[in-house]
Amino acid sequence: GDRAQLIDGKAIAATIRGEIKDEIDRLRSETGGEFNPGLAVVLVGERKDSQTYVRNKKKACDDCGIVSFGTDLPDTATEEEVLEVVKKYNADPKVHGILVQLPLPAHMDEEKILTAISIQKDVDGFHPENIGKLAMRGRKPDFVCCTPKGSVELLERSGVEISGKSAVVVGRSNIVGTPAAMLLQERNATVTVVHSRTKDPERYIREADIVVAACGVAEFVKGEWLKPGCAVIDVGINAVDDATKKRGYRLVGDVHFDSAVKVAGQITPVPGGVGPMTIAMLLQNTLEGAKAARERGE
Ligand code: NDP
């Protein structure tokens with residue numbers, strides 16, 4: 001029977017990264033080499049997964065001509081030491097974006113550290129002022145969180161109409177579900193947010209032209225719940241045991257792909273959907289930060 005069209009996040013992210021590189025090259029030559037976007041990455045502790053994310057982010061910067069700066073602090077660092085590093089980058093005109101890799105060690109106040117980042121360098125978009133502006137009509141945040149921004153970009157680049165449509169976001173976290181809902185609402189969708197206390201989530205999902213799944217529950221959204229022809233963005237990344245794989249697990253999304261692909265009109269795969277978009281949006285935010293700094297005459 002009919003199968004949904006795949007939304008190829010890997011290919012779309014590669015296109016965007018190419019566009020970013022081209023724009024940086026152009027601005028650099030127009031300014032006689034003066035335009036050099038910079039991203040500072042702060043890593044606290046020795047978590048292997050965080051180290052991998054940081055390495056990938058720096059590599060992605062290199063590939064498109066963004067200068068990366070980095071500070072690695074040990075697990076034993078104090079909150080004050082991290083705040084000092086953030087302040088140093090806030091004041092550094094070569095740095096246009098500051099990213100503090102999460103999670104921070106338990107003895108640190110995450111909110112305090114994220115709030116210390118200048119909102120004009122908050123390329124992760126986690127500063128409460130940036131999230132607050134995103135929620136307000138007629139205000140523009142300096143930056144929008146990368147994963148929700150990438151999710152909406154996938155819809156737009158796949159020709160999915162948002163305005164006037166009904167959308168359901170599954171999940172209401174500060175960094176994914178809630179900003180995704182705000183972005184869709186800003187683009188004139190009528191948005192319902194489903195969360196862990198929602199009774200009968202399928203009742204809402206059944207009506208949705210657009211479903212964004214970000215609940216962190218493997219294969220939560222079933223194909224039978226979907227409205228035929230709808231667009232599905234699966235943000236979830238969950239490892240499930242799989243003895244047939246060499247590493248002993250495989251990655252699945254928050255949507256049951258095999259049933260959903262038979263009902264949806266368009267769907268993102270996991271992996272290869274939203275995942276690659278998150279880094280592409282980080283690079284895009286850093287470029288936007290550098291352009292804004294230049295317009296301010298910095
Ligand atoms: P959180 O755990 O912070 O939030 C999960 C949200 O889903 C909460 O709002 C929770 O509700 C809701 N939820 C949990 N269980 C259910 C349920 N049974 N039914 C309905 N809603 C439920 O997760 P994140 O937002 O950080 O991440 C969501 C997913 O996206 C994860 O799979 C994560 O791995 C992935 N992710 C992917 C990224 C990427 O780059 N592709 C980046 C970030 C995350 P409540 O508020 O009531 O607790």
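Every number for a ligand or one of its atoms is a count from 1 in the order of the listing. Note that this is a predicted model, so its numbers are computed, not measured.
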Between ligand 1 and [X], can you find any atom pair, the residue atom being a heavy atom, that is separated by under 4.0 Å?
X: G177; answer: no
X: A214; answer: yes
X: T198; answer: no

If you count the atoms of ligand 1 from 1 in the order shown, which ones are under 4.0 Å from a heavy atom of [X]?
X: I237; result: 32 (O), 34 (O), 35 (C), 37 (C), 39 (C), 41 (N)
X: R172; result: 6 (C), 8 (C), 9 (O), 45 (P), 46 (O), 47 (O)
X: G275; result: 41 (N)
X: S173; result: 3 (O), 4 (O), 9 (O), 24 (P), 25 (O)
X: V274; result: 41 (N)
X: D254; result: 29 (C), 32 (O)
X: N238; result: 32 (O)

[atom]: nearest protein contact (heavy atom, Å):
atom: atom 21 (N) of ligand 1; answer: H195 C, 3.2 Å
atom: atom 15 (N) of ligand 1; answer: V217 CG2, 3.5 Å
atom: atom 42 (C) of ligand 1; answer: T147 OG1, 3.3 Å
atom: atom 35 (C) of ligand 1; answer: V235 O, 3.4 Å
atom: atom 40 (O) of ligand 1; answer: T278 OG1, 2.8 Å
atom: atom 27 (O) of ligand 1; answer: V176 CG2, 4.3 Å
atom: atom 19 (N) of ligand 1; answer: F220 CZ, 3.2 Å

Side-chain contact test, heavy atoms from C-beta onward, threshold under 4.5 Å: evaluate it for [X] versus [Y] and give yes or no.
X: I205; Y: K222; answer: no
X: V152; Y: I162; answer: yes
X: H256; Y: D258; answer: yes
X: E186; Y: L134; answer: yes

Judged by modelled atom types alone, do T71 and Y89 share a side-chain donor-acceptor pair under 3.5 Å?
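There is such a pair between these side chains.
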Side-chain donor-acceptor contact under 3.5 Å, K165 with N188
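N188 and K165 do not have a side-chain donor-acceptor pair below 3.5 Å.
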Listed by chain and number, what are the ring-ring contact (aromatic ring centres under 6.0 Å, His included) partners of F220, not counting sequence neighbours?
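Expected list: W225.
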Which pair of heavy atoms, one from Y53 and one from Q101, lies closest together, and at what distance?
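Minimum heavy-atom separation between Y53 and Q101: CD1-NE2, 3.7 Å.
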Between L184 and A167, which heavy-atom pair has the shortest distance, and what is it?
CD1-CB, 4.0 Å
Should the heavy atoms of other residues, nucleotides or ligands under 6.0 Å from CZ of R139 be counted, would the total exceed 12?
no
Cationic N near anionic O, under 4.0 Å, E298 to R294
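The answer is no: the pair does not qualify as a salt bridge.
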Less than 4.0 Å between a side-chain N and a carboxylate O, is that true for R28 and E34?
no
Quick check: does any side chain N or O of T268 sit under 3.5 Å from a backbone N or O of G273, one acting as donor and the other as acceptor?
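Here the side-chain-to-backbone pair does not exist.
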Looking only at N/O atoms, are S196 and ligand 1 under 3.5 Å apart anywhere?
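Yes.
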If I apply the N/O under 3.5 Å rule, does V170 come out as touching ligand 1?
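Not met; the criterion fails.
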Protein heavy-atom contact under 4.0 Å for atom 48 (O) of ligand 1?
yes
Counting only heavy atoms, tell me which of A218, C215, G216, G171 gets closest to atom 5 (C) of ligand 1.
C215
